[in-house]
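This report concerns only the one structure given below.
Computed from a predicted structure; not experimentally measured.
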Amino acid sequence: MSKPQKNTIFNLPQDIIFDILSRLPTKSLIHFRSVCTSSPPLISHPSFTALHLSATADDRRILIYYESTDYINHFYSLRSPLTFQETLKLQAPYKTLQGYLRIVGSDKGLICLFDTNYYSSLGTVILWNPSIQKIKVVDDPHNVHDKFSHFVLGFGFVLRSLEFKVVEIAFDLDNFKVNNSVLVYSLSRNSWEKKEGMSAPYYLTRGWSSNVFVNGFVNWLAFKEGDWGVSRVIMAFDLDDERFEVFDLPKDIVPNYDQVSISSYGEECLSLSLCAHYVGINGETWDVWVMGDYGLVDSWKKAFVVSQPMLSVPPLLMKNDHEVLIVLHDGKLMLFDAIKNEMQDLETQGLPSTFRAITYTASLALLNG
């Protein structure tokens, strides 16, 4: 007499199993995979990983990178998006060959790093999923004889095609203000494509240039030369359609700023914030602007002014329309409330110029290599 078949989830049709598993938090799936011998083939199935990537993020956190004041230690700190208190400290996944790992960006569980050094903006792209402790070193698309001044990078996930992409702008050594090449790397194809006939409409200077990825666009602050001199614009690259767009800064911005920066805005990071620094007779201030509707220049509005004399670097990230993450001259990380005019000490201290804050959500990306 045969034994009765046990009723388990694995007796259900595959599409139903996928639907059930896709509703679980990523942390539970990773634990499920490690303890259940039947689950790895299902969780590793390409159809399931695609379904899981298309689902809404279940565990969004803030990743704060910074270095110790002695330049020796590098920290990757995962924080609550509500309190900014540390929930986990990650270990660097890769021993740098160039001397310095810069963060390009993060989306859908992958963190894009760039292995370079303090004196160059050339290097190697690395993709890292800390949730499953896997990395991928991306092949260099360039010939050893190619001569470049510097690279500018961006990274993100394209929801329509369910693929991760890296965009690289390679500025020519001889005349980087005019000549550049645009390349796009697709993780699903594991290859680079040079965009023939395409170039970035404006330029970024030598040295490392951070970007902000929102609404499917990689955004940089670029330089635009005109009849009246050099001005700043937001140069955006659509990772889906692979095309450039340009957005002006706020029309009412006071033009005599000496620093300007952009970061993501809001807890869902669906738009941009812009910070402009001024030095006046009453001291230093940062004017903080937000773009209400991404891509609409007329939706810029001035949110508040940060008048903290000890503020060292541009505000890192806008939590909402009155709270912003800042770093003081002594390297202390603070949450500033513009309504209360109060600062909350987040009990973190590092080298001020090294701080970077980006969003992070766990996923199973890179599970299949």
Taking atom [atom1] of [X] and atom [atom2] of [Y], what is their separation to the nearest 0.5 Å?
X: L316; Y: Y66; atom1: CG; atom2: OH; answer: 12.5 Å
X: Q85; Y: I62; atom1: CD; atom2: CD1; answer: 13.0 Å
X: I72; Y: H74; atom1: CD1; atom2: NE2; answer: 9.0 Å
X: E67; Y: S353; atom1: CD; atom2: OG; answer: 7.5 Å

N/O donor-acceptor pair under 3.5 Å between [X] side chain and [Y] backbone:
X: Q349; Y: D330; result: yes
X: Y278; Y: V254; result: yes
X: H150; Y: F176; result: no
X: N320; Y: H322; result: yes
X: T361; Y: R60; result: no
X: D293; Y: L296; result: no
X: T83; Y: S80; result: no
X: R243; Y: D238; result: no
X: T87; Y: L78; result: yes
X: D172; Y: S149; result: no

Q.
Let's go through I339 and N341 carefully: what are the C-alpha distance in whole Å and the side-chain angles of both, what is the deciding distance for side chain to side chain contact (heavy atoms under 4.5 Å, CB included) to 0.1 Å, and is it a yes or a no?
A. CA-CA 6 Å; I339 294 178; N341 196 30; over 6 Å; no

For [X] against [Y], the heavy-atom pair lying closest together:
X: P93; Y: L113; answer: CG-CD1, 4.0 Å
X: Y202; Y: A222; answer: CB-CB, 4.0 Å
X: V166; Y: C112; answer: CG2-SG, 4.3 Å
X: F155; Y: D107; answer: CE2-N, 3.7 Å
X: S264; Y: V214; answer: CB-CG1, 4.2 Å
X: S307; Y: T285; answer: OG-CG2, 3.6 Å

Is there side-chain contact between [X] and [Y], with at least one heavy-atom pair below 4.5 Å?
X: L335; Y: E323; result: yes
X: L101; Y: F114; result: no
X: Y65; Y: S77; result: no
X: N129; Y: K136; result: no
X: T359; Y: L63; result: no
X: K147; Y: D174; result: no
X: N179; Y: S199; result: no

Quiz question: by atom type and distance under 3.5 Å, do the side chains of [X] and [Y] form a donor-acceptor pair?
X: N219; Y: Y294; value: yes
X: T354; Y: Y100; value: no
X: Y76; Y: Q91; value: no
X: S186; Y: E163; value: yes
X: S263; Y: S273; value: yes
X: T348; Y: R79; value: yes

Q. On the ring face of F223, is R232 found with NZ or CZ under 6.0 Å from the centre and within 45° of the axis?
A. yes

Q) I64 and side-chain contact (heavy atoms from CB on, under 4.5 Å): which partner among V327, L346, I358, L333? A) L333

Q. Salt-bridged, D287 to K302, with N to O below 4.0 Å?
A. yes

Q) Under a 4.0 Å N-O cut-off, is there an ion pair linking D115 with R102? A) no

Would you call the rings of [X] and [Y] parallel, tilted or perpendicular if under 30° counts as parallel and over 60° as perpendicular?
X: F336; Y: F304; value: tilted
X: F244; Y: W220; value: tilted
X: W192; Y: Y185; value: tilted

**Q.** Candidate pair F148 and H142, rule ring-ring contact (aromatic ring centres under 6.0 Å, His included), full reasoning
**A.** CA-CA 10 Å; F148 299 106; H142 301 291; 4.6 Å; yes

Q.
For M235 and I169: C-alpha separation, side-chain torsions, deciding distance, then whether side chain to side chain contact (heavy atoms under 4.5 Å, CB included) applies.
A. CA-CA 12 Å; M235 183 172 71; I169 306 173; 3.9 Å; yes

Q) For K195, does the NZ atom have more than 12 heavy-atom neighbours from other residues, nucleotides or ligands under 6.0 Å away? A) yes

(Q) Between V158 and K165, is the side chain to side chain contact (heavy atoms under 4.5 Å, CB included) condition met? List the steps. (A) CA-CA 7 Å; V158 179; K165 290 184 180 181; 4.0 Å; yes

Q) Where do L274 and L272 land on the side chain to side chain contact (heavy atoms under 4.5 Å, CB included) test, with the steps shown first? A) CA-CA 7 Å; L274 180 142; L272 293 173; over 6 Å; no

